[in-house]
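Convention: sequence-line order gives letters A, B, ...; per-chain numbering from 1.
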2 protein chains.
Amino acid sequence: MKKTACAACPLRKFEIFSAFTEEEVEFTQSFKSGELQVDPGTTLMLEGMPSPQIYTVLDGQGVRYKTMEDGSRQVINFALPGDLIGLHAAVMGEMSHSVESTSAMRLCVFNRCDLWRLFERWPARAYDLTWLSAVEEHFLGETVAVIGRRSARERVAWGLLRVYSRLKAVGQEKDNTVPMPWRQQDLADALGLSLVHTNKTLQRLRGEGLADWTEGRLTIRDPAALAGVGHFEIDAPVRRPLI
Amino acid sequence: MKKTACAACPLRKFEIFSAFTEEEVEFTQSFKSGELQVDPGTTLMLEGMPSPQIYTVLDGQGVRYKTMEDGSRQVINFALPGDLIGLHAAVMGEMSHSVESTSAMRLCVFNRCDLWRLFERWPARAYDLTWLSAVEEHFLGETVAVIGRRSARERVAWGLLRVYSRLKAVGQEKDNTVPMPWRQQDLADALGLSLVHTNKTLQRLRGEGLADWTEGRLTIRDPAALAGVGHFEIDAPVRRPLI
DNA sequence: CGTCCGCTTGAATAGTTTCAATTGAAGTGG
DNA sequence: CCACTTCAATTGAAACTATTCAAGCGGACG
């Protein structure tokens, strides 16, 4: 992402994400209310429900999804380290989707009530929050474009690539491999595809040596080659934990 | 949307969107830098570009879209009165999509640099901004679910209904009719459908008396009946102009 | 040992896209 | 004032992509 700053105003500072000052650290310590450890398969948030708490993901992975009347599911996106969970409920009063852990997760817990305190006392952190929300919006826009206009092959390539590059950005990559603890059904639900077709597409990509997702681990030897499937950019803006 | 408030903290105030105090009005006047009037077909923001300005839509309609390498287009959503344009560029440094007016539009203009001033001086307005961003995220999530999991008929019904209810919420509805100054291609691009199929689906809905979109005007006699096509809710949270 | 769950496979079906061509309205220039 | 162009909406038919249905396989677990 190119950086374009307004030289005269402090906005520039926040594009670079300055380190925390001592004073800030002290305050944010008081803001953080605890840590939470959950098992795989735990429902963290439920669509339509309020939530007294907000989490940031410190470790582990999950899915955000909406359930349709007919029982089918649409995965909105994946919850990875650095993500914020529950901002919707905090800001709008209720969650617009459910969130479930798919691996063991470690979460940083905030009280919703403290959110206002943050806005009042730490405009810089409030700004970070808005930034995070804007980045999320950016990704969702991309998702809409991919699901709306891409072929199955391109969608799968994009989905794998996005998971890979986001996890790589938070240091989870090793030997071109990242942990990807989901079922093929989860990916299918994320891409708006059927399970069967997703399976066949994954196999084709695997056969071509572009991406190998087996046993909960995704290996991409040549990300650029996989990106070539749909001329994708490999530029996942990193989401950084709020505190 | 159900309201759930945290009784002990001032957050509740912002769920209801309190009226502006005199002091606030005075400040926001200084924040607002002008008004802009544009013709139909004007490109307001370009994907990948920074923008020194942020707009809120006071009047008129536009589309936000992404262009793919092959020249096809995905409309991310529509820009209606109350919407914020350019927050992405302001917060992230560049736009993630383009924005174009499809009717004459009147816009309220802010300088990007002032954004920081707002966060620092008016936490309540900064909070509004985050709220707006969260609402946008909410809608995009819904869009993902619709495009990913719904049939063409349901998508079209949903698209029409959403435009209708959002415009109704801002007082643009009269005799069950709202202005909808787009081409069928725009709707097709928004729903991830081909033009031909969108056309045929629109005709079917028209024939069934569920929705009539002709000559830039959309008439829905019985919104509930149209919503029945896909068991949709008719609950568009209203976006309110920031200032 | 039997059951459950996720992955895999093949075949039939259906929904949607693509291609190709027509119409009508609106705008342009001679 | 009339060809000529352009653009959006419309229509029919063919081609294709992705879904659905149905069944089998292997590992994990009680």
Residue pairs passing the ring pair (Phe, Tyr, Trp, His ring centres under 6.0 Å) test where at least one lies in residues 72-91 of chain B, sequence neighbours excluded: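 Listed by first then second residue: B:Phe78-B:Trp182, B:His88-B:His97.
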Donor-acceptor pair, side chain of A:Thr42 and main chain of A:Ser101, under 3.5 angstrom: no
Residues B:Leu129, B:Leu84; criterion side-chain contact (heavy atoms from CB on, under 4.5 Å); working and verdict: CA-CA 9 Å; B:Leu129 211 59; B:Leu84 205 54; 3.5 Å; yes
Whole-Å distance separating the [atom1] atom of [X] from the [atom2] atom of [N]:
X        : N     : atom1 : atom2 : value
A:Arg183 : C:dC4 : CZ    : C1'   : 13 Å
A:Asn199 : C:dC7 : CG    : P     : 8 Å
A:Trp213 : C:dG6 : CH2   : P     : 12 Å

Pairwise distance CG(B:Leu202) to CZ(B:Arg153) - rounded to 0.5 angstrom: 11.5 Å
Sub-4.5 Å side-chain heavy-atom contact between B:Ser96 and A:Glu142: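 No, their side chains stay 4.5 Å or more apart.
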Would you indicate whether [X], at its atom [atom1], is surrounded by more than 12 heavy atoms from other residues, nucleotides or ligands within a distance under 6.0 Å?
X        : atom1 : value
B:Arg221 : CZ    : no
B:Glu215 : CD    : no
B:Arg206 : CZ    : yes

5' to 3' contact window, DNA chain D with chain B (heavy-atom distance under 4.0 Å): D:dA8 to D:dA13
Heavy-atom protein contacts under 4.0 Å, nucleotides 10-18 of chain C, coded B base, S sugar-phosphate only, - none: BB----SBB
